[in-house]
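Below, chain A is the first sequence line, B the second, and so on; all start at residue 1. As the structure is a computational prediction, the values presented were derived from the model and not from experiment.
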2 protein chains.
Amino acid sequence: MAQTDTVTRILDTAEVLFAERGFAETSLRTITSKARVNLAAVNYHFGSKKSLIQAVFSRYLDPFTERFHLALDELEARYAGEVIPLETLLETMARTVLEVPAERNSLKVFMKLLGLAYSQAQGHLRRYIQQEYGGVFTRFTELVRQATPQLPDAERFWRLHFVLGTVIFTLSGLDALRDIAEKDYQEHVTVRDLIRRLRPVVVAAMNAPLPPAPSVQAEAG
Amino acid sequence: MAQTDTVTRILDTAEVLFAERGFAETSLRTITSKARVNLAAVNYHFGSKKSLIQAVFSRYLDPFTERFHLALDELEARYAGEVIPLETLLETMARTVLEVPAERNSLKVFMKLLGLAYSQAQGHLRRYIQQEYGGVFTRFTELVRQATPQLPDAERFWRLHFVLGTVIFTLSGLDALRDIAEKDYQEHVTVRDLIRRLRPVVVAAMNAPLPPAPSVQAEAG
DNA sequence: CTACGTTTAAAACAGCTGTTTCCAGCGGAG
DNA sequence: CTCCGCTGGAAACAGCTGTTTTAAACGTAG
């Protein structure tokens, strides 16, 4: 099992370094030297740096997708055709997000990676994630649609992305924010604390009153 | 005024390229060739790439800070010691954010840059922004504190960052989201549309009920 | 034993990076 | 006029990048 050792050591080291510095700012030489493997090992096992990046994400997203589908299956069976409440859907997603990386105590890394996937250029990554994991997101949004029938489709689309932004932004920048919070409020903040704080905010955001109709007004592009 | 031409052309080109690709992925050669200036011009006028990045931000944040201070002055004068309502504070901030880059029709670029400032490594940038523009943010949060006396300090701190995440995440990733939204809902979405949609969501988020007290439970770090 | 996949070592590759330097013009200010 | 700041062109610098290649080991399965 020596090869698993090398592949795993590369992945473990790469995900931490990527989360700390970003993709472009992390060289293969930094990864391989810190992982104590040969420089050529990355290209040997993964083919390229791009594939390494995708492999780092797959190691999180594959188990997440599987568990989330199972959790939604259970939910649909339990509610048997009834509409699943929005809070239940959100809690299920939060629980799944918490469970998957908990196996390696790396929720923080996972969240930072998700934030990077959205913000860093890396067009290939966005395409890869969209293609490989778009399905489970589509299933989830359809359930959210049934849970929020009062929302116009476009409004629900935007609000889902609003709360997605809140969660990814907060959890991926957690370290810096935690430092400030601990200094100013003498609170030790865990990820679970944050999710506890996020829940009522997210629910209130999704259930906010509809905005006024757009005023007819010219706008410069 | 030939030197202003070169400096301005560098800044105009750099901010667009930075917003499109990020900082590390944008080389000085790409900037200078696209701006049709000499490669050495960047180091001549700005000293280094780091200083160029900071200059790009200053060109937005200096006018923003000045206008925002003025707007808060007016608000405090108008309310004369009375508490300024939360919605008024948020609207004032939104209006200022909209006004500043409107002079160059580059709100989208500005938002992308803000998103990058948070997500890309670039520790020097975060330190620079914090140091140069932390004051106006402190003033704003103090007014928000007076407008939301029902919130514990820590809770308000986190909620402000929640909504900050929503706004930056949404507006900085606007292009990709707009493509999806237009395809699925046949809507042409402008930044002003988004801010109209954001307002009730943000207000509801800030006024959400308090989370339940944390359950006493061990957590793995 | 042989063959194969894995791993290491070391070196080299071409390419791009930020930065510096030298030189030649240009235009306005003293 | 002379000087000085700005600009352009071109080249060079050392350093890092991802990737490839060659070599020699190692353990294991056929």
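Applying the side chain to side chain donor-acceptor pair (under 3.5 Å) rule to Thr141(A) yields no partners; only residues at least two apart in sequence or on another chain are considered. Remark: Arg197(A) pairs with Glu187(A), Glu155(B) by the salt bridge (charged side-chain N to carboxylate O under 4.0 Å, His left out) rule, at least two apart or across chains. Not counting sequence neighbours, the partners of Arg199(A) by the salt bridge (charged side-chain N to carboxylate O under 4.0 Å, His left out) test are Glu91(A). Partners of Ser48(B) by side chain to side chain donor-acceptor pair (under 3.5 Å), not counting sequence neighbours, listed by chain and number: Ser51(B). Qualifying ring pair (Phe, Tyr, Trp, His ring centres under 6.0 Å) partners for Tyr185(B), counting only residues two or more places apart in sequence or in other chains: Phe157(A). Partners of Glu66(A) according to the side chain to side chain contact (heavy atoms under 4.5 Å, CB included) rule, which considers only residues two or more places apart in sequence or in another chain, do not exist here. Every residue two or more places apart in sequence or in another chain that forms a side chain to side chain donor-acceptor pair (under 3.5 Å) with Thr148(B) is listed here: Arg156(B). Remark: Arg95(A) engages no residue in a salt bridge (charged side-chain N to carboxylate O under 4.0 Å, His left out) (not counting sequence neighbours). Annotation: salt bridge (charged side-chain N to carboxylate O under 4.0 Å, His left out) contacts of Arg59(A) (sequence neighbours excluded): Asp12(A), Glu15(A).
Under a 4.0 Å N-O distance rule, the pair Arg145(B)/Glu142(B) qualifies as a salt bridge.
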Provide a list of protein-nucleic acid N or O atom pairs under 3.5 angstrom, restricted to nucleotides 27-29 of chain C.
none

Pull out every protein N or O sitting under 3.5 Å from an N or O of nucleotides 8-10 of chain C, one pair per line with the distance.
unit_1: dT8(C); atom_1: OP2; unit_2: Asn38(A); atom_2: N; d: 3.2
unit_1: dA9(C); atom_1: N7; unit_2: Asn38(A); atom_2: ND2; d: 2.7

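Across the protein-nucleic acid pair, Asp5(A) atom CG and dG27(D) atom C1' stand 14 Å apart, rounded to whole Å. Note: CZ (Phe23(A)) to P (dT17(D)) measures 17 Å, nearest angstrom. The interatomic distance linking Asn43(B) (CG) with dT17(C) (P) rounds to 14 Å, in whole Å. Taking atom CD1 on Ile53(A) and atom C1' on dT19(D), their separation rounds to 15 Å, with Å as the unit. The separation between His124(A) atom NE2 and dG18(D) atom C1' is 13 Å, rounded to whole Å. When rounded to the nearest whole Å, the span between CD1 of Ile31(A) and P of dC16(D) equals 16 Å. One interatomic measurement links the two molecules: CG of Leu28(A) to P of dG18(D), which rounds to 4 Å at whole-angstrom precision. Here dT17(D) presents its P atom at 14 Å from CD of Glu25(B), a figure rounded to the nearest Å.
Contact annotation: Tyr44(A) side-chain N/O to dT6(C) OP1/OP2 distance is under 4.0 Å. Regarding contacts with the backbone of dG5(C), every side-chain N or O of His45(A) stays at 4.0 angstrom or more from both OP1 and OP2. Under 4.0 angstrom from either OP1 or OP2 of dT17(D) there lies at least one side-chain N or O belonging to Ser27(A).
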Let me have DNA chain C in dot-bracket notation, would you? Count Watson-Crick plus G-U wobble pairs, both distances under 3.5 Å, and use [ ] for pairs crossing earlier ones and | for inter-strand partners.
-> |||||||.|||||.||.|||||..||||||

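Positionally, the nearest nucleotide of DNA chain C for Arg29(A) lies more toward the 5' end than for the other of Arg29(A) and Gly47(B).
Contact annotation for Thr26(A): backbone-only contact, meaning every heavy-atom pair under 4.0 Å involves sugar-phosphate atoms and none involves a base.
With 3.5 Å as the limit, one finds no donor-acceptor pair spanning the side chains of Tyr44(A) and Asn38(A).
The structure places CG of Leu114(B) at 8.5 Å from CZ of Phe64(B), a figure rounded to the nearest 0.5 Å.
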